[in-house]
Visitor: 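Quick one: the structure is below, and I'll ask about it shortly.
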Number of protein chains: 2
Amino acid sequence: MNEGVHQRRDVGSESGAQTRERLLDAAETMFASRGFAATSVRHVTREAGCNLAAVNYHFGSKLGLYQEVFRRRMDAVREQRLASLRRVAAVEQGPGALEAVLHAFAASFIEPLVDQSHGRTLTELIGREMLDPHLPPQMFRAEIAGPVQQSLSQALRTVTPGLSEEAARQCVQSIVGQLVQAAQRVSRQQATPFSPPALSALVDHIVRFSAGGVRACVPASG
Amino acid sequence: MNEGVHQRRDVGSESGAQTRERLLDAAETMFASRGFAATSVRHVTREAGCNLAAVNYHFGSKLGLYQEVFRRRMDAVREQRLASLRRVAAVEQGPGALEAVLHAFAASFIEPLVDQSHGRTLTELIGREMLDPHLPPQMFRAEIAGPVQQSLSQALRTVTPGLSEEAARQCVQSIVGQLVQAAQRVSRQQATPFSPPALSALVDHIVRFSAGGVRACVPASG
DNA sequence: GAGTATTTCAAACGATCGTATGAAAAGCAA
DNA sequence: TTGCTTTTCATACGATCGTTTGAAATACTC
C-alpha cells in the first residue's frame with residue numbers, strides 16, 4: 001500500500017516548514033557523523049527540538065528522511081561541480097589548460113570541506129552512502145556521479161588531444177578516487193582543520209599527479 | 001572495571017576453538033556486508049550455529065568480536081602487500097622498474113578481490129572501518145596502513161631518481177586513493193564479478209596513470 | 001571412575017529501536 | 001467566532017538490541 005514516496009498535500013503553515021528543515025538539518029549532521037543505522041529517530045527529533053512523531057509525519061519514515069536529506073542537497077552539489085568546470089573549459093587554452101581543468105575540479109571538490117560547514121558533512125554523507133547504500137540505486141549515480149563524471153571526461157578530452165573516450169573515462173575514475181580519499185583525510189582531521197596552505201599543497205599535488213597521469217594515457221605520437 | 005581487552009585463560013577444548021572461529025567467520029562476512037551497527041549479535045550467532053551468549057563468552061562484547069575479526073587478518077594482509085613489493089624491488093631495474101613496482105602493488109591490492117573470498121569481504125570491511133571507526137585509533141593505521149604506505153613510498157623512491165620523500169608520500173596517497181576506489185567498484189559488482197580481462201585492464205590503467213603521475217612529481221632535470 | 005575447569009545453553013533483563021494512534025494545539029478561511 | 005485543515009504532542013506497541021545469569025553439558029586431569 002506504500003507507493004514508495006511520502007506525500008503530504010502541501011506545506012501549509014510556516015512553522016510546519018520550519019520544523020521540517022530543522023529535522024533535515026539535524027538529520028544531515030547525525031547521518032553524516034554516525035551513519036544511518038546508528039542514528040535514531042529519537043536523537044534527530046531531540047536535536048531538532050520537536051516531537052518524535054514529526055519524522056513519520058513529514059517524511060513517512062526514517063528512510064524517507066534520509067532520502068530527503070540527499071535530495072535537498074544534490075542539485076546544488078551537481079551544479080557547483082558543473083559550473084566550475086564550464087567556467088574553466090570556456091576560458092583556458094594551450095599547454096596549461098589541462099592543469100587548469102584539473103585544478104578547477106579538484107578545488108571545487110576539496111574546498112567546500114573547510115569553507116562551509118555543509119560541505120564537510122555532505123562529503124561524509126556521500127562516503128557513507130557509497131559503502132552502505134540506502135538510496136534508490138539510480139538516484140545517487142544518476143543525479144550526481146553520472147553528470148559530473150561525464151562532464152569532467154569531456155573537459156579532459158577537450159584539453160588533451162589524442163585522449164580516447166575510454167581512456168578519459170578511466171582517468172576520471174583515477175582523479176575522483178584521489179579526491180574522495182583526500183576528502184576523507186581532510187574531513188577526518190577534525191581537531192586541526194587543515195591550514196589553507198596545506199590544503200592548497202594537497203590540491204596542487206593532485207593536479208600535478210593527475211596531469212602527468214592523463215598525459216601518460218595518450219598514445220605516444222610521432 | 002573493564003581493562004579493554006577480553007582475556008580468557010586459554011583455549012581449552014578443540015570445540016571451543018571451533019565455535020570461536022565459526023563466530024569470527026560469520027561476523028567477518030556480516031560486518032563487511034552490513035556494517036557494525038546493522039549487524040546484530042543474534043544474526044552472527046545464528047549464522048555460526050551457536051548460542052547467543054557465545055559472543056560475550058569468547059570476545060567479551062560485540063565490539064570485542066569486531067576487533068578480533070580485524071586482528072585475525074591484519075598480519076596476513078600486511079605481509080602480502082609487503083612481500084609483493086619486496087619481491088619486485090629486489091629484481092627490477094631500469095626504465096620499466098617504476099611500472100613493475102606499481103603493477104605489483106596494484107595487483108596485490110585488486111586481485112584478492114576476485115581470487116579468494118576473504119579478499120573481497122576484507123576490503124569492504126576496511127572501507128567501512130575507514131568511514132566508521134570502531135577500532136582503537138592506532139590499531140588499523142599502525143598495523144596496516146602505515147607499514148604498507150611507507151614501504152611503497154620507499155620503493156617508489158628507489159626506482160624514481162629525484163623523487164623527494166614528501167612527493168613520494170603524496171604519490172602513495174594518490175595511488176592508494178585510486179586503488180581503494182577501484183576496489184569498491186569491483187566489490188560492488190556482485191552479480192557480474194568482473195571478467196579477468198576487465199580486471200587486468202583496470203590494473204593496467206592505474207599503473208600507466210600512476211607512472212605518469214609519479215614522473216610528473218619529479219622536478220624537471222636538465 | 002571422580003572432580004575440576006571449560007564451554008554451551010535457554011531464558012530473561014533493561015534499554016532502545018521505528019512506527020502508529022488519537023487527542024490537543026495551531027493556522028487559516030469564512 | 002465557527003469550521004476545517006495542518007501540525008504537534010504524549011503515549012503506547014511490538015520488535016530487537018547487547019548483555020547477564022545460572023544451570024546443563026562437555027572436555028580434561030588425576
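The figures that follow rest on heavy atoms only: side chains count, while hydrogens, waters and symmetry mates do not. Naming convention: chains lettered A, B, ... in sequence-line order (proteins, then strands); numbering from 1 in each chain.
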Visitor: Give the rounded distance in Å between these two atoms: CZ of A:F59 and P of C:dG18.
Guide: 15 Å

Visitor: Can you measure A:Y57 atom OH to C:dG27 atom P for me and round it to whole angstrom units?
Guide: 13 Å

Visitor: Do the ring planes of B:Y66 and B:F36 sit parallel (below 30°), tilted (30 to 60°) or perpendicular (above 60°)?
Guide: perpendicular

Visitor: Which residues pass the salt bridge (charged side-chain N to carboxylate O under 4.0 Å, His left out) test with B:R128, sequence neighbours left out?
Guide: A:D132

Visitor: Report the residues that fulfil side chain to side chain donor-acceptor pair (under 3.5 Å) with A:T158, sequence neighbours left out, ordered by chain and then residue number.
Guide: none

Visitor: OP1 or OP2 of C:dT8 less than 4.0 angstrom from a side-chain nitrogen or oxygen of B:T19, does that happen here?
Guide: yes

Visitor: Give a yes/no answer on whether the side chain of B:H58 brings an N or O atom under 4.0 Å of OP1 or OP2 in C:dT6.
Guide: no

Visitor: Within this structure, what is the CD-to-P distance between A:E21 and D:dT7, rounded to whole angstrom?
Guide: 14 Å

Visitor: Enumerate the residue pairs fulfilling salt bridge (Lys or Arg N to Asp or Glu O under 4.0 Å) with a member in residues 197-208 of chain B, sequence neighbours excluded, ordered by first and then second residue.
Guide: none

Visitor: How would you list, by chain and number, every residue that makes a side-chain contact (heavy atoms from CB on, under 4.5 Å) with A:V77, sequence neighbours excluded?
Guide: A:R81, A:L122, A:I144

Visitor: Could you run down the sub-3.5 Å N/O contacts of the protein with nucleotides 15-22 of chain D?
Guide:
| residue | atom | partner | partner atom | Å |
| --- | --- | --- | --- | --- |
| D:dC17 | OP1 | B:S40 | OG | 3.1 |
| D:dG18 | OP1 | B:T39 | O | 3.4 |
| D:dG18 | OP1 | B:K62 | NZ | 2.7 |
| D:dG18 | OP2 | B:V41 | N | 2.8 |
| D:dG18 | N7 | B:R42 | NH1 | 2.7 |
| D:dG18 | O6 | B:R42 | NH2 | 2.7 |
| D:dT19 | OP2 | B:K62 | N | 2.8 |

Visitor: To the nearest angstrom, how far is B:R20 atom CZ from C:dT6 atom P?
Guide: 15 Å

Visitor: Sequence neighbours left out, what passes salt bridge (charged side-chain N to carboxylate O under 4.0 Å, His left out) with B:E47? Give chain and number order.
Guide: none

